[in-house]
Amino acid sequence: MAGEKKKKIVKTIKVDADKCNGCRACEVVCSAFHAAPKYSSNNPARSRIRVIREPIRDIYLPVYAGEYAPAECMGRDKYIIDGKEYDECAFCRAACPSRDIFKEPDSGLPLKCDMCEGEEEPLCVKWCLVDALTYEEREEEVEEEAEAQEDLEIGLEALADKYGLDTIMETVAKMSMSKKGS
Ligand code: SF4
Ligand code: SF4
């Protein structure tokens, strides 16, 4: 019902980029935890946290995978902070068509940080031995919101954007036919 309030747990990972040394342990543990089955492999290209690492410019910036973006922005941000020049879109968390990060390297499917659902504490936070990452939870009252989109739905939307809905439907139909036949 409109106007109804409900309690929501807001999860935050605070990033202290000054403490980050660019070891990328967070990328390794994230990709291992999300491998299927869990911990069967690791590949930082599939991590939901990526560390922008440029030692020559003294830049070590962990960035978390956020929402899937079907289209690029009309313009791009580029920041200079305390004399350090960051690359275009450096702070952006979107799985966006303009770049390869936050996408499965084989399929291009979008990746999104799920705060390591089911774990007591996010694993990247646990394995960041210099405490550049800190996990915080707080409760907030919010308006009743629409159901969040499931990962599967977002993945299908991304594939449909890339290949067209007809191709996806045809491929799924072919797959189910060949499964039935096997
Ligand atoms: S584990 Fe911590 S120090 Fe290492 S790259 Fe990740 S955020 Fe930086
Ligand atoms: S919280 Fe979990 S899913 Fe998110 S980046 Fe860290 S390890 Fe990956």
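These numbers were taken from a predicted model, which means no experiment stands behind them. Both ligands and their constituent atoms are indexed starting at 1 by order of listing.
- Between the Arg50 side chain and the Val63 main chain, no donor and acceptor come within less than 3.5 Å of each other.
- With respect to atom 2 (Fe) of ligand 1, the closest heavy atom belonging to the protein is Cys128 SG, 2.3 Å.
- Proximity to Pro122 (heavy-atom distance under 4.0 Å) selects the following atoms of ligand 2: 1 (S).
- Note that Lys38 lies in the cation-pi zone of Phe33, set by a 6.0 Å cut-off to the ring centre and a 45° limit from the axis.
- Listed by number with element, the atoms of ligand 2 under 4.0 angstrom from any heavy atom of Ile49 are 5 (S).
- Atom 5 (S) of ligand 1 has as its closest protein heavy atom Arg24 N, 3.1 Å.
- When atom types are taken as modelled, the side chain of Arg48 and the backbone of Phe102 share no donor-acceptor pair closer than 3.5 angstrom.
- Remark: the backbone N or O of Ile49 is paired with a side-chain donor or acceptor of Ser47 at under 3.5 angstrom.
- In this structure, Tyr64 is part of the shell of residues with a heavy atom less than 4.0 angstrom from ligand 2.
- Atom 3 (S) of ligand 1 has as its closest protein heavy atom Asn21 OD1, 3.3 Å.
- In Asp114, the parts holding a heavy atom less than 4.0 Å from any atom of ligand 2 are both the side chain and the backbone.
- Side chain of Lys84 to backbone of Asp58: a donor-acceptor contact under 3.5 angstrom is found.
- The residue from Glu27, Glu104, His34 that alone fulfils the side chain to side chain donor-acceptor pair (under 3.5 Å) condition with Arg46 is Glu104.
- For Val130, every heavy-atom contact with ligand 1 shorter than 4.0 Å involves the side chain, none the backbone.
- Contact annotation: Glu119 has no heavy atom less than 4.0 Å from any atom of ligand 2.
- Proximity to Cys30 (heavy-atom distance under 4.0 Å) selects the following atoms of ligand 2: 3 (S), 5 (S), 7 (S), 8 (Fe).
- Nearest to atom 8 (Fe) of ligand 1 among the protein's heavy atoms is Cys20 SG, 2.4 Å.
- Near Val51, meaning under 4.0 Å from one of its heavy atoms, ligand 1 places the atoms 5 (S).
- At distances below 3.5 Å, at least one donor-acceptor pair connects side-chain atoms of Lys103 with backbone N or O atoms of Cys96.
- In this structure, atom 6 (Fe) of ligand 1 lies nearest to the protein heavy atom Cys26 SG, 2.4 Å.
- Scanning the protein for heavy atoms near atom 7 (S) of ligand 1, the closest one is Pro62 CG, 3.7 Å.
- Glu67 has a carboxylate O that lies under 4.0 Å from a charged side-chain N of Lys112, or vice versa, which qualifies the two as a salt bridge.
- In this structure, the side chain of Arg53 engages the main chain of Gly22 through a donor-acceptor pair within 3.5 Å.
- Annotation: atom 4 (Fe) of ligand 2 to nearest protein heavy atom, Cys113 SG, 2.4 Å.
- The nearest N, O or S atom of Cys23 is not closer to atom 8 (Fe) of ligand 1 than 2.8 Å.
- Ring geometry for Tyr86 versus Phe91: interplanar angle of 30 to 60°, hence tilted.
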